[in-house]
Number of protein chains: 2
Amino acid sequence: MSGPAPRRRALPMAGAGRPERADAARNRRALVAAARELLAEHGTGGLTLEAVAARAGTGVGTVYRRFGNLAGLTHAMVDSQEYEFQRGFLEGPPPLGPGAPPLDRLHAFADAFVDRLEDQAELLAVAETASPEARYRSGAYAAHHAHLVSLAAELRPDADPAYLADALLTPLEAALYLHQRRVRGMAEERIRAGVHEVVARLART
Amino acid sequence: MSGPAPRRRALPMAGAGRPERADAARNRRALVAAARELLAEHGTGGLTLEAVAARAGTGVGTVYRRFGNLAGLTHAMVDSQEYEFQRGFLEGPPPLGPGAPPLDRLHAFADAFVDRLEDQAELLAVAETASPEARYRSGAYAAHHAHLVSLAAELRPDADPAYLADALLTPLEAALYLHQRRVRGMAEERIRAGVHEVVARLART
DNA sequence: ATAATAAGTGGAATTAATTCCACTTACAAG
DNA sequence: CTTGTAAGTGGAATTAATTCCACTTATTAT
């Protein structure tokens with residue numbers, strides 16, 4: 001039900017199965033590049049799989065073999081940022097990375113997340129809503145959730161860390177961010193303040 | 001960009017424009033009934049607009065004139081429950097309706113919401129993810145948000161009530177509920193407890 | 001080198017959403 | 001009643017996602 005080939009997925013499962021064939025890797029890069037160009041030129045509306053395939057000089061079948069579906073392609077498009085983000089909280093410098101007190105790490109996580117939203121909310125929204133379960137089944141969500149579970153367990157061992165992690169992640173949905181920015185007209189800093197407030201209250205010991 | 005005809009929308013804007021023509025109203029009912037049957041018989045996968053139209057004995061064009069798109073149809077399918085829910089918090093008996101202290105009303109709202117999710121998460125998930133903005137642009141979300149803004153403003157006049165209302169609503173997403181129930185295997189009562197915990201912490205004075 | 005084979009490929013076929021529009025009908029005014 | 005007309009209708013046409021499969025190719029072992 002997901003991408004069938006072994007790719008350089010974000011951190012979680014790094015060097016799994018045997019490497020991709022050289023032509024396949026080339027096509028993967030060409031497809032992601034084509035998708036980025038189309039997005040830049042025509043917005044999310046211009047991002048059709050046929051157009052992506054045509055621009056990359058492959059058939060649509062190749063898009064599906066590489067990415068499984070539109071959700072897979074959009075995830076690949078945000079993958080390098082996602083990779084950096086995950087490195088940041090898994091092994092980067094504090095306060096985002098290990099070493100700082102858990103509450104500081106939580107706030108740093110929220111800040112970094114809002115930065116990303118401000119930068120790529122549009123694309124993230126496409127990735128998260130490509131199918132009803134796209135967001136929650138993604139490797140990215142799993143990684144963020146696992147990270148927050150571990151911080152939550154340190155801060156509030158009494159509470160339900162799995163639920164708490166979902167509750168912290170959920171207001172960071174890209175579609176909501178877009179709605180707050182564009183429809184409600186909320187400024188980035190107002191949303192950021194709200195996120196910190198939620199973090200502070202949910203994490204308070 | 002939304003349904004073009006004047007229907008008995010949930011509470012917000014009750015008896016707007018001139019009434020629907022009799023044949024149109026008949027088709028609306030037939031279509032919603034057909035959609036409910038198809039959902040019951042074949043699950044969300046069997047819910048195609050062509051099948052709905054065929055079962056109701058109309059053309060697909062009629063589905064579009066009546067509901068605008070799949071999101072509109074699914075919203076209509078949950079509309080009677082939504083109507084009751086809105087009556088409940090707008091004018092029903094306390095603690096859900098007016099009369100009880102705001103914090104009690106908030107908890108009652110959360111409880112009623114979880115009841116609904118347990119009952120119709122599948123259909124609500126289809127409605128909420130029919131398009132990337134489906135959830136936040138829906139009249140239902142607007143009504144829930146407005147209600148929570150007013151409670152939040154009473155409880156925490158210092159805070160940002162609009163943000164707070166989003167933060168309270170967001171963990172009640174149907175797709176998340178389904179994920180927690182089915183993938184994480186969380187029991188209904190565990191989720192309910194988590195929701196109350198979030199409400200308590202975000203609303204605490 | 002060569003052959004065996006697992007991996008990869010392109011594009012036609014299928015399925016569904018959504019748009020369009022020429023035709024029909026309900027219904028209110030005269 | 002008749003009639004004007006705004007509203008409604010059905011289905012063909014368009015557009016896109018997704019599946020399928022006969023064919024090609026990179027890689028590995030000999």
Side-chain angles (χ1 to χ4, degrees), chain A residues 1-7 16-31 34-35 38-39 42-76 126-127 129-134, chain B residues 1-7 16-31 34-35 38-39 42-76 126-127 129-134:
Chain A
M1 239 163 247
S2 196
R7 24 209 167 138
R18 48 201 69 59
E20 214 164 38
R21 236 167 68 170
D23 52 348
R26 199 177 326 121
N27 277 335
R28 172 186 303 285
R29 284 190 297 274
L31 285 165
L38 282 171
L39 183 72
H42 307 294
T44 50
L47 200 61
T48 80
L49 295 182
E50 191 155 322
V52 170
R55 157 119 24 172
T58 78
V60 280
T62 301
V63 184
Y64 279 89
R65 167 158 280 266
R66 287 278 79 71
F67 302 106
N69 55 26
L70 178 58
L73 174 60
T74 51
H75 274 118
V126 174
T129 61
S131 84
E133 316 125 350
Chain B
M1 238 165 243
S2 195
R7 21 203 168 145
R18 48 203 68 59
E20 215 164 37
R21 237 166 69 171
D23 53 347
R26 199 178 325 121
N27 278 335
R28 169 187 305 283
R29 283 190 297 274
L31 286 165
L38 283 171
L39 183 72
H42 307 295
T44 51
L47 199 62
T48 78
L49 295 182
E50 191 154 322
V52 170
R55 159 121 21 173
T58 76
V60 280
T62 301
V63 184
Y64 280 90
R65 167 158 281 267
R66 287 277 78 71
F67 302 107
N69 55 27
L70 178 58
L73 175 60
T74 51
H75 274 118
V126 175
T129 61
S131 83
E133 317 124 350

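Here is how names work: the chains are called A, B, and so on, in the same order as the sequence lines, proteins then strands, and each is numbered from 1.
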For this session: Report the residues that fulfil side-chain contact (heavy atoms from CB on, under 4.5 Å) with B:A30, sequence neighbours left out, ordered by chain and then residue number.
Result: B:A56
For this session: Go along nucleotides 25-30 of chain D 5' to 3' and tag each nucleotide: B for a protein heavy atom under 4.0 Å from its base, S when only backbone or sugar atoms are that close, - otherwise.
Result: BSS---
Seminar exercise, completed: Between B:A127 and B:A134 the two heavy atoms that sit nearest each other are O-CB, 3.5 Å
For this session: Scan nucleotides 10-18 of chain C nucleotide by nucleotide, 5' to 3', and note B when protein non-hydrogen atoms come under 4.0 Å of the base, S if they reach only the sugar-phosphate, - if neither.
Result: BBB----SB
Problem set entry | Between OG1 on residue B:T62 and CG on residue B:D23, distance to nearest 0.5 Å | 9.5 Å
For this session: Establish, with yes or no, whether the OP1 or OP2 oxygen of C:dG8 is under 4.0 angstrom from a side-chain nitrogen or oxygen of A:R28.
Result: no
Every protein N/O within reach of nucleotides 2-5 of chain D N/O, cut-off under 3.5 Å:
none

Exercise. Nearest heavy-atom pair of A:L73 and A:F67: which atoms, and what distance?
Worked result: N-CB, 3.6 Å
Output a table of donor-acceptor pairs, distance under 3.5 Å, between side-chain atoms of residues 43-55 of chain A and any protein atom two or more places apart or on a different chain; print 'none' if there are none.
| unit_1 | atom_1 | unit_2 | atom_2 | d |
| --- | --- | --- | --- | --- |
| A:T48 | OG1 | A:A51 | N | 3.0 |
| A:R55 | NH1 | A:E37 | OE1 | 2.7 |
| A:R55 | NH1 | A:E41 | OE2 | 3.2 |
| A:R55 | NH2 | A:E41 | OE1 | 2.9 |

Seminar exercise, completed: Rounding to 0.5 Å, atoms CD (A:E133) and OG1 (B:T129) come to a distance of 8.5 Å
For this session: Rounded to the nearest angstrom, tell me the gap between atom CZ in B:F67 and atom C1' in C:dT19.
Result: 18 Å
Problem set entry | B:Y64 to B:N69 - nearest heavy-atom pair and separation | CE2-CA, 4.0 Å
Exercise. Minimum heavy-atom separation for B:R66 to B:A24, with atom names?
Worked result: NH1-CB, 3.4 Å
Problem set entry | For A:E20, the option from A:R26, A:R28, A:R65 that meets salt bridge (charged side-chain N to carboxylate O under 4.0 Å, His left out) | A:R28
For this session: Take the protein atom CZ of B:R65 and the nucleotide atom P of C:dT19, then report the distance between them rounded to whole Å.
Result: 13 Å
